Amino acid sequence: MRILVSGGAGFVPSHLCDLLLGQGHEVVALDNFVTGHRRNLDTLSPNPRFSLVEGDVSKGVPVEGKFDRIYHMASPASPIDYVELPFETLYAGSDGSRNLLDRARADGARFLLASTSEVYGDPAIHPQVESYWGNVNPIGVRSVYDEAKRYAEALTMAYHRYHKVQTRIVRIFNTYGPRMRPNDGRVMPAFCSQALRGEPLTVFGDGLQTRSFCFVSDLVRGINGLMESELTEPCNVGNPHEMTMLQLAEYINRFTGNTAGILHKPLPKDDPTRRKPDITRAWQTFGWEPQVGFEDGVGRTVAYFRALMERGEL
Ligand code: UDP
């Protein structure tokens, strides 16, 4: 198949490109490099079935030829991005989704929207099931992401219902692994780089808030599984292995041998208190569940950041 991946130079989408190329497809990555990085494509670029187009999906889709599959993965995706890139975040979810849905409709392509656990906001039910409608602050600092993705879900369902486009919606939970931006502010790159530099790990608030971390190779396998399934309802993909941020900090310090301890910092506004996916739907529909254990995943992630440090990039 010929497949378009928007945001292809980003952390998660670059791994998705790897997977799709490995399956023998032709892959076109579209990226404006607002948060993506060319380095993420180093191993893909020599592949003759891979090409990269520079462009902003919220302004249009500057790529010729028909596609069979379109994965809309482009968006800033970390809490500090939402503050620094609010309009890029809003428009990637709104205009970007519209442009790609129009293209999917014209090409007869199947479309997948990368949505997010953030549509559940600060969730009142736990773990989060897809039928839960969420608890989102519509004007808060994170709202540019949360509401853009909620709008994108509504738009995707409208194209499905009214224009009969084949659509899929994946709600991605916290993900980690090689190619995360070291300075994107998210907890996993922050803790790994602080630990490798021998600094205390910055735990926000009391550190009792929870997250559930999925290794990136598991995640992209789940995203691809959903695309090739017949499920048009939204589907969670994430790892239910839940922990507090204090537990995570202690784990990373122990794993790296960092003795600098932790340093508490103020909790950002609207930081969800807990998050854990219910993945029954993914398991029952396309037989997906995570396979990479936490220790293994952390080992591979720390190795990536260590290599960056050795090159003077951390
Ligand atoms: N966090 C932290 N220290 C950091 C960065 C993040 O304690 O240096 C916390 C943050 O407050 C949140 C959790 O880690 O509760 C996950 O944050 P992240 O930015 O990775 O993603 P989120 O799940 O909030 O979108």
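Every value quoted in this text rests on a predicted model; they were computed, and no experiment measured them. Note that the numbering runs from 1 along the sequence shown for the chain. Note that ligands are numbered from 1 as they come in the structure, with each ligand's atoms numbered from 1 the same way. Values below: every heavy atom of this structure, side chains too, minus hydrogens, waters and symmetry copies.
Of the heavy atoms in K265, none comes closer than 4.0 Å to ligand 1. Residue-level proximity to ligand 1 for D271 is carried by the side chain, the only part with a heavy atom below 4.0 angstrom. Counting heavy atoms closer than 4.0 Å to ligand 1, residue R186 contributes atoms from both its backbone and its side chain. Neither the backbone nor the side chain of Q194 has any atom closer than 4.0 Å to an atom of ligand 1 (non-hydrogen atoms only). Heavy atoms of R275 found under 4.0 angstrom from ligand 1 belong exclusively to the side chain. Only the side chain of N174 comes within contact range of ligand 1, with a heavy atom under 4.0 Å; no backbone atom does.
A cation-pi contact, defined as under 6.0 Å to the ring centre and within 45° of the axis, links R38 to F33. Under the 6.0 Å distance and 45° angle rule, R2 counts as a cation-pi partner of F67.
In terms of protein heavy atoms, atom 18 (P) of ligand 1 is closest to V187 N, 3.8 Å. Counting only heavy atoms of the protein, atom 13 (C) of ligand 1 lies nearest to M245 SD, 3.7 Å. Protein heavy atom in closest approach to atom 1 (N) of ligand 1: F204 CD1, 3.5 Å.
A salt bridge links R103 with D107: at least one charged nitrogen is closer than 4.0 Å to a carboxylate oxygen.
The shortest N or O to N or O distance between L267 and ligand 1 is not below 3.5 Å. In terms of polar-atom proximity, defined here as any N/O pair under 3.5 Å, P268 makes no such contact with ligand 1.
Looking at heavy atoms from C-beta onward, P76 lies in side-chain contact with T89 at the 4.5 angstrom threshold. Side-chain contact between L112 and H72 is absent, with no heavy-atom pair separated by less than 4.5 Å.
Among M188, R142, R211, the residue whose heavy atom lies nearest to atom 23 (O) of ligand 1 is R211. Of the listed options T202, I262, L201, T202 places a heavy atom closest to atom 3 (N) of ligand 1.
Remark: H163 NE2 to T167 OG1 distance equals 12.0 Å, nearest 0.5 Å. Expressed to the nearest 0.5 Å, how far OG of S217 lies from NE2 of H15 amounts to 8.0 Å. With rounding to the nearest 0.5 Å, the separation of CZ in R105 from NE2 in H160 is 14.0 Å. Distance check: I139 CD1 to D270 CG gives 9.0 Å after rounding to the nearest 0.5 Å.
Listed by number with element, the atoms of ligand 1 under 4.0 angstrom from any heavy atom of V203 are 7 (O). Annotation for ligand 1: atoms under 4.0 Å from non-hydrogen atoms of F191 are 3 (N). Less than 4.0 angstrom separates some heavy atom of P79 from each of these atoms of ligand 1: 19 (O), 25 (O). Atoms of ligand 1 lying under 4.0 Å from any heavy atom of A190, numbered from 1 in the order shown and given with element: 8 (O).
For the pair E118 and ligand 1, a heavy-atom separation below 4.0 Å is found. Residue contacts with ligand 1 include G185, since one or more of its heavy atoms lies under 4.0 Å from the ligand.
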message: The test is side-chain hydrogen bond (donor to acceptor under 3.5 Å, both in side chains); show your working for Y159 and D102 and say whether it passes.
response: CA-CA 9 Å; Y159 271 73; D102 278 339; 2.6 Å; yes
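Remark: aromatic rings of Y176 and F294 are close, center separation under 6.0 Å.
Linking ILVMFWY residues whenever their side-chain heavy atoms come closer than 4.5 Å, directly or via other members, places L201 and Y304 in the same cluster.
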